[in-house]
Amino acid sequence: MKVKSERKRFFIGNQIEECRDLSGLYYLLPCEKGFTVKWTVQKPVWDYMFNNICHIEDKAVIMTQPLFNFKTIQEITDEIFFEEYEIKSMFRLNPCDLAKYEYVNNVVGKHVSCIVVDSGFSFTTIVPYIGGKKYYPAARRINVGGKVLTNYLKEIISYRQLHVMDETYVINQVKEDSCYVSSNFKEDMRIASSHGDANTIIKSYVLPDFNNIRRGYIQESGTGADNNAEGCQILRLNNERFTVPELLFHPSDIGIESVGIAECIVKSIFLCPEKDRPHLSKHIVLMGGNCKFPGFKERVYADLRSYLPDHWPVNVYKPENPITFAWKGGKALASDPKVKSLFITKEQYEERGSAYTYERFSDWLHGEKRTTEETPKLTNEAVPSSILQSGSFTRFDLFGKHELENEEPSDNVNENTSSDKLSKEATNDTKTDTGNGDNLKDNESSESRDIDVHQDDDSNKAKYKNSALMDTNETDLCDTNFFASYDFNIFNNSFI
Amino acid sequence: MTISKLTTRGSTRLKEHEKRRIVDDTSRKRRHRKMIESLDADNYHEDPHADLVMSKKIPKFEDNLETRTRSKKKEKSPEYYQMKFRKHILQLLDEDRVEAETAGRYSYMDMASEDTNIPYRHFCAVCGFFSQYVCLTCGMRYCTIKCMDTHTDTRCLKWAG
Ligand SMILES: [Zn+2]
Ligand SMILES: [Zn+2]
């Protein structure tokens with residue numbers, strides 16, 4: 001991020017703590033549509049992380065990338081990591097794959113077919129996994145993520161109340177603090193249009209002045225004078241509180257010609273082979289920052305229940321921390337004895353070049369259209385995830401004080417605890433370093449976990465610093481002794 | 001006072017109505033597309049100081065170079081990678097589509113979601129509640145006379161020329 005007062009300086013992730021004047025903060029993001037395109041932004045973020053937070057030379061790195069991550073992007077990533085950072089080996093996959101891995105191995109405990117719904121910063125991705133493999137014919141992407149929500153909220157507040165178009169950072173917090181997913185849209189509209197005490201939805205939000213108030217908050221009604229808020233600017237939030245997240249379920253509300261999340265899940269299920277459908281509806285996994293809106297999971301469940309046949313079981317799983325869920329999967333994967341075969345080593349890269357990594361890490365290349373795709377054993381499937389979704393999750397985390405990840409589009413959550421923050425960071429783009437691949441097998445998973453957690457605590461602050469905002473996440477691997485995990489979203493933010 | 005004000009506004013509206021032209025469908029669609037694009041923007045701002053050279057006095061990322069074990073000679077500047085990249089996101093998307101067609105695989109485009117089967121809902125462009133009326137000039141929605149006045153005075157496309 002950049003700040004007006006120190007315009008020649010960037011703040012990466014946690015460095016935001018060093019910034020006194022947060023007004024007019026703006027973001028510089030390395031990603032567009034979830035793909036890293038601004039290397040002048042991305043590279044310094046990586047430099048910062050890997051110099052200051054975790055060292056990756058001679059380590060194995062697991063990195064997340066969006067589905068269909070383009071060849072050019074992968075080539076440059078290879079060059080940076082293998083040639084400049086001199087890592088030992090790398091494995092890249094989609095965050096949905098990691099979520100599936102975590103869900104199957106550590107939540108359900110047996111191999112099941114499932115649908116991963118990743119509602120992130122740039123978009124929402126819905127990917128069915130049948131028999132452990134990604135089923136591309138039914139995978140779908142909705143171009144609504146936390147980014148659109150924050151931009152939309154900025155737009156309507158600017159039109160109706162106060163010009164906030166330059167305050168992405170603050171409005172993202174407003175979104176996280178005050179928005180929710182309605183479970184009865186028409187009824188909430190009715191309540192919001194009523195006057196006086198009958199309107200239980202309208203709230204006053206005290207904007208931060210960055211002097212006494214570093215983060216804004218909802219003013220509780222009836223508590224009398226709020227001394228802190230004296231002289232502060234106040235927003236009146238009414239139907240905005242639920243019409244904004246509603247875009248996830250009805251993009252058509254602002255004229256985006258697309259199905260919403262619930263309808264898309266249903267369509268996706270019906271694109272899968274008939275025998276698998278009732279199994280899929282039983283294992284719907286939510287991840288991404290937008291899942292943190294209050295009421296999100298309930299809404300998905302209610303809508304699916306009403307769309308799907310009565311005799312099909314419907315079960316929606318929302319991890320404790322939807323933002324770090326994929327990162328957790330990466331952490332678990334790093335200690336899986338089978339993981340070693342997935343990596344491409346520096347030697348292999350030097351010998352066979354970037355074409356080889358592209359081939360190995362891009363499962364969408366294999367398998368023909370219209371047929372079920374078979375992916376090579378070793379390759380996990382990649383699914384595109386939204387960047388900012390990830391993005392959306394992440395930005396807040398990066399800044400440390402805020403828990404949400406999305407910088408712009410962010411997800412909302414107020415309740416994150418510091419521990420959440422830790423994990424969140426990791427979520428979007430996670431890098432876990434694990435030490436030597438050789439030792440992986442030796443580590444007890446439990447042991448490594450403990451260590452891991454510990455590590456996380458120590459490095460929390462550091463983690464926040466990384467505000468990478470990309471979709472490309474990186475998870476990595478394994479140090480013999482411990483994992484350090486970092487997330488990055490590779491988005492950079494800049495503030496004005 | 002109130003009454004006269006209303007009357008004035010009313011008559012202004014009438015006059016405007018007479019000379020009002022109907023904005024054609026193309027303009028309406030263009031406005032809509034622009035709106036969607038702005039909502040999808042990742043970097044709402046270009047870096048306003050991009051042309052400024054980073055001051056050497058100010059701490060930068062490279063500050064902690066001494067903690068780095070890898071050799072400095074391999075280090076390349078961000079600009080080096082950017083030069084190498086030189087592509088626009090839309091270009092990348094298109095390359096992916098072409099490659100996919102050639103190979104008969106799925107592409108980024110194939111994952112785009114379909115339009116909804118659920119009827120569109122309509123909202124007032126001013127206050128956000130359900131709306132029943134359409135601006136004759138530009139096609140935007142409003143719910144009450146009050147919102148219509150606001151719309152006409154602010155965002156109505158009659159201003160768009
Ligand atoms: Zn209205
Ligand atoms: Zn109009």
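Remember, predicted model here, so these are calculated numbers, not experimental data. We name chains A, B, ... by the order of the sequence lines, and we start the count at 1 in each one.
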Quiz prompt | Minimum side-chain heavy-atom gap A:Ser193-B:Phe130 below 4.5 Å | solution = no
Practice problem: Sort A:Ile80 into side chain, backbone, both or neither according to what part of it lies under 4.5 angstrom from a heavy atom of chain B. | Solution: both
Quiz prompt | B:Glu79 side chain near A:Trp39 side chain, heavy-atom distance below 4.5 Å | solution = no
Quiz item: Looking at A:Glu79, A:Lys267, A:Glu240, which one has more heavy-atom pairs under 4.5 Å with chain B than the rest?
Solution: A:Glu79
Practice problem: Can you tell which part of B:Ile36 gets under 4.5 Å to a heavy atom of chain A, answering side chain, backbone, both or neither? | Solution: side chain
Exercise. Any chance you could measure B:Leu39, atom CG, to A:Ile254, atom CD1, to the nearest 0.5 Å?
Key: 5.0 Å
Quiz item: Do B:Tyr80 and A:Glu84 meet the criterion of a side-chain donor-acceptor pair at a distance under 3.5 Å?
Solution: no
Quiz prompt | Between CZ on residue B:Phe129 and CE on residue A:Met189, distance to nearest 0.5 Å | solution = 6.0 Å
Practice problem: Could you verify whether a donor N or O on one side chain and an acceptor N or O on the other, from A:Tyr159 and B:Thr154, lie under 3.5 Å apart? | Solution: yes
Quiz item: Which of the residues A:Thr243, A:Leu365, A:Asn238 is involved in the greatest number of heavy-atom pairs with chain B at under 4.5 angstrom?
Solution: A:Leu365
Quiz item: CE of A:Met165 to OG of B:Ser38: how many Å apart, nearest 0.5 Å?
Solution: 6.5 Å
Self-check item: Interchain contact, B:Ala125 with chain A, by part (heavy-atom threshold 4.5 Å)
Solution: backbone
Self-check item: Criterion salt bridge (charged side-chain N to carboxylate O under 4.0 Å, His left out) on A:Lys33 and B:Asp40, from CA distance to verdict
Solution: CA-CA 8 Å; A:Lys33 300 187 192 297; B:Asp40 200 41; 3.4 Å; yes
Exercise. Sequence neighbours left out, what pairs pass salt bridge (Lys or Arg N to Asp or Glu O under 4.0 Å) with at least one residue falling in residues 107-132 of chain B?
Key: A:Arg140-B:Glu114, A:Glu246-B:Arg121, A:Asp253-B:Arg121, A:Lys369-B:Asp110
Exercise. Tell me, out of A:Ile142, A:Asn143, A:Ile156, who's got the most heavy-atom pairs with chain B below 4.5 Å.
Key: A:Ile142
Practice problem: Check whether any side-chain heavy atom of A:Trp364 lies under 4.5 Å from a side-chain heavy atom of B:Tyr106, and answer yes or no. | Solution: no
Quiz item: Checking heavy atoms, do the side chain of A:Phe70, its backbone, both or neither come under 4.5 Å from chain B?
Solution: side chain
Self-check item: Part of B:Met35 within contact of chain A (heavy atom distance under 4.5 Å)
Solution: side chain
Quiz item: Between A:Ala192 and chain B, which part of the residue has a heavy atom less than 4.5 Å away: side chain, backbone, both or neither?
Solution: both
Quiz item: Taking the side chain from B:Gln82 and the backbone from A:Val37, do they hold a donor-acceptor pair closer than 3.5 Å?
Solution: yes
Quiz item: Between the side chain of A:Asn151 and the main-chain N/O of B:Ala41, is any donor-acceptor distance below 3.5 Å?
Solution: yes
Exercise. Kindly check if the number of other-residue, nucleotide or ligand heavy atoms within 6.0 Å of CD (B:Gln132) is above 12?
Key: no
Quiz item: Heavy-atom distance under 4.5 Å between the side chains of A:His250 and B:Tyr120, does that happen here?
Solution: no
Quiz item: Does A:His366 use its side chain to pair, donor to acceptor, with the backbone of B:Arg105 at less than 3.5 Å?
Solution: no
Could you pull out every donor-acceptor pair under 3.5 Å between side chains of residues 255-265 of chain A and any protein atom, sequence neighbours left out?
unit_1	atom_1	unit_2	atom_2	d
A:Ser258	OG	B:Ser113	OG	2.6
A:Glu263	OE1	B:Thr116	OG1	2.6
A:Glu263	OE2	B:Thr116	OG1	3.2
A:Glu263	OE2	B:Asn117	N	2.9

Exercise. Would you give the length of the straight line joining atom OH of B:Tyr108 to atom CZ of A:Phe35, rounded to the nearest 0.5 angstrom?
Key: 5.5 Å
Quiz prompt | Top of B:Glu99, B:Glu95, B:Met83, B:His88 for chain A proximity - count of heavy-atom pairs under 4.5 angstrom | solution = B:Glu99
Quiz item: Side chain, backbone, both or neither: which part of B:Ala112 has an atom under 4.5 Å from a heavy atom of chain A?
Solution: both
Exercise. Find out whether A:Arg160 and B:Val126 are in side-chain contact, i.e. whether some heavy atom of one side chain is under 4.5 Å from a heavy atom of the other.
Key: no
Quiz item: Could you state the interatomic distance from CE (B:Met111) to CD1 (A:Ile126), rounded to the nearest 0.5 Å?
Solution: 8.5 Å
